[in-house]
Amino acid sequence: MSETVLLIGGGGREHAIARALENSEADLYACAGNRNPGIARIADGFETLETTNPKAVLEFAEEVNATIAVVGPEAPLQAGVADELESAGIYAFGPKEAEARIETDKAFQRRFMAEHDIPGCPDFETFDDMDAACEFVDEYDGDLAIKPAGLTGGKGVKVIGDQVTAEEGKAYIRDSDYDRIVLEERLIGEEFTVQAFVANGDVRTAPAVQDHKRAYEGDEGPNTGGMGSYSDATTALPFMTDADYDDAVSIIEATVDALEDYRGILYGQFMLTSEGPKVIEFNARFGDPEAMNTLPVLETDFLEVLTAARDGDSLPALEFAPQATVCKYAVPEGYPTEPEAGAKVQVDEESAGDALLYYASVDERDDGIYTTTSRSFAVVGRADSITDAEEIAEDALEVAGEEGLHMRHDIGKPELVQQRIDHVEALRSE
Ligand code: AMP
Ligand code: GLY
């Protein structure tokens with residue numbers, strides 16, 4: 001039977017998913033709130049629609065006779081897009097609203113980990129009374145991370161002792177109108193991501209990736225959706241041991257077991273502490289940027305994973321090319337606090353050289369492609385080493401130029417990678 005895949009979402013992550021399906025024997029259709037020019041070029045059809053409106057997504061899915069849907073971002077999952085498709089008999093690779101709570105409700109996520117004795121859970125308390133939360137900050141012996149329970153695009157968390165003082169933290173709790181927050185032990189270490197392909201009880205994990213959340217070089221500035229990321233030619237990253245990677249995989253497996261019939265991508269965000277990996281959060285989808293590290297080295301046909309998932313079969317073992325990757329986002333100047341849109345994007349898929357180019361939130365006009373107020377595009381280098389992959393990514397950024405754009409040149413550079421290694425060594429020897 002020939003397959004028709006509907007891809008939902010229009011960011012860099014979804015451009016990477018589209019590429020992973022480009023050479024498969026499936027027709028590909030896509031829908032998103034923005035017209036992503038990279039995806040539109042690959043897909044047989046592209047519809048601009050509100051992806052958090054399940055009925056609108058279903059209508060397009062039925063119009064193109066989709067046999068499988070892949071949901072890229074978290075917002076449609078939270079809105080119940082997978083549930084709507086499923087009730088109309090269209091298989092969605094992505095969790096239903098209830099299972100997506102592992103990402104969309106951080107209070108649920110922490111309680112779930114505690115209830116099921118899943119290892120790697122920091123100490124936490126949940127609050128819907130903000131005065132009580134402030135009292136807890138005063139009484140707690142140590143630093144806390146303040147986390148709104150709902151989705152904030154990775155920008156709502158404030159860590160006391162890192163980004164804010166205790167007083168600033170309390171002001172943040174009082175002044176933001178969050179209904180519910182989680183206060184949890186501040187974890188110290190190096191962050192990494194492991195993404196797992198999950199269906200029918202099977203868990204197939206990808207190599208670890210390290211994202212860079214802070215807007216500016218040297219990990220300064222506000223948190224963003226992610227400025228860039230790297231992976232190594234092995235499953236672990238240079239600052240990790242294979243045992244650390246295996247511990248993270250065990251945590252993901254325990255979580256999938258407890259979730260019972262989870263399907264889609266389960267993304268574990270970990271902090272490698274002196275006591276091993278601890279969970280910062282789970283996401284119910286590929287990471288953005290991390291999908292751009294993982295999917296370009298996936299040698300197994302992604303369509304095969306999707307059809308096995310739908311048919312109730314065991315998922316194929318995943319093969320990854322033994323290559324390092326470095327992904328760097330170009331974002332509008334001023335991002336994320338005061339982004340300025342409207343710069344013309346000077347790099348295209350041909351001029352990017354050996355790098356892969358992924359479009360994100362850009363606007364395609366008659367005379368070219370322009371930035372909006374969100375992350376614009378990413379370049380990805382692939383090579384035998386992180387250092388070589390980084391140089392390939394930098395060459396592509398040079399073509400793009402810096403006008404109206406901001407990027408972190410330090411991501412994947414030997415100095416920064418070495419700092420991560422030294423950091424973990426220092427923590428381990430304490
Ligand atoms: P999240 O939205 O949960 O991914 O959090 C965003 C960022 O806040 C993470 O990538 C971490 O850098 C930081 N963060 C979250 N929770 C903690 C924690 N318990 N300890 C230290 N940093 C944290
Ligand atoms: N890279 C962070 C995220 O996708 O949430």
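We count ligands from 1, going down the list as the structure has it; atoms in each ligand are counted the same way. Position 1 is the first residue of the sequence, and the numbers go up from there.
Shown in contact with E185 at under 4.0 Å from a heavy atom are these atoms of ligand 1, numbered in order with element: 18 (C), 19 (N), 20 (N). Heavy-atom contacts of G225 reach the following atoms of ligand 2: 1 (N), 2 (C) (cutoff under 4.0 Å). Per-residue contacts place E290 under 4.0 angstrom from the following atoms of ligand 2 (heavy atoms of the residue considered): 1 (N), 2 (C), 4 (O). Heavy-atom proximity to N283, at under 4.0 Å, picks out these atoms of ligand 2: 5 (O). Counting the atoms of ligand 2 from 1 in the order shown, those under 4.0 Å from a heavy atom of P289 are 1 (N). Ligand-side atoms of ligand 1 in range of E191: 9 (C), 10 (O), 11 (C), 12 (O), range being under 4.0 angstrom from any heavy atom. Within ligand 2, the atoms closer than 4.0 Å to a non-hydrogen atom of Y267 are 1 (N), 2 (C), 3 (C), numbered from 1 in the order shown. For ligand 1, the atoms closer than 4.0 angstrom to any heavy atom of K147 are 3 (O), 15 (C), 16 (N).
At under 3.5 Å, not a single nitrogen or oxygen of K213, backbone or side chain, sits near a nitrogen or oxygen of ligand 2. At under 3.5 Å, a nitrogen or oxygen of D211, whether backbone or side chain, sits near a nitrogen or oxygen of ligand 2.
Within the model, atoms OG1 of T373 and CD of E340 stand 11.0 Å from one another, a figure rounded to the nearest 0.5 Å.
Across E103, Q269, R285, Q195, heavy-atom proximity to atom 3 (C) of ligand 2 is greatest for R285. When Q269, K106, R186, Q163 are checked for heavy-atom proximity to atom 3 (O) of ligand 1, K106 turns out nearest. With E281, E184, Q109, R110 as candidates, the residue nearest to atom 19 (N) of ligand 1 on a non-hydrogen basis is E184.
A salt bridge between R375 and D288 is present, with a side-chain N of the basic residue lying under 4.0 Å from a carboxylate O of the acidic one. The existence of a salt bridge linking D261 and K96 is excluded, since no basic side-chain nitrogen approaches an acidic carboxylate oxygen closer than 4.0 Å. The pair R420-D219 meets the salt-bridge criterion, with a side-chain N (NZ, NE, NH1 or NH2) lying under 4.0 Å from an Asp/Glu carboxylate O. Taking a cutoff of 4.0 Å between a charged side-chain nitrogen and a carboxylate oxygen, E394 and K328 qualify as a salt bridge.
With R285 as reference, E74 is the one residue of E74, E99, E290 to meet the salt bridge (charged side-chain N to carboxylate O under 4.0 Å, His left out) rule.
Proximity of S229 to ligand 2 is not established, as no heavy-atom distance is less than 4.0 Å. Taking 4.0 Å as the cut-off, R13 does not count as a neighbour of ligand 2 on heavy-atom distance. G287 counts as a contact of ligand 2, since one of its heavy atoms falls under 4.0 Å from the ligand.
A side-chain donor-acceptor contact under 3.5 Å links E168 to the backbone of T165.
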Side chain to side chain donor-acceptor pair (under 3.5 Å) for T371 and S376? Distances and angles first, verdict last. CA-CA 6 Å; T371 62; S376 312; 5.0 Å; no
R214 and D162: CA distance, side-chain angles, deciding distance, salt bridge (charged side-chain N to carboxylate O under 4.0 Å, His left out) verdict: CA-CA 12 Å; R214 296 300 195 85; D162 182 18; 3.3 Å; yes
Criterion side chain to side chain donor-acceptor pair (under 3.5 Å) on H406 and E333, from CA distance to verdict: CA-CA 5 Å; H406 163 66; E333 243 166 41; over 6 Å; no
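Cation-pi geometry between R310 and F93 is not met at under 6.0 angstrom from the ring centre and within 45 degrees of the axis.
Counting heavy atoms under 4.0 Å from ligand 1, residue L187 touches it through both backbone and side chain.
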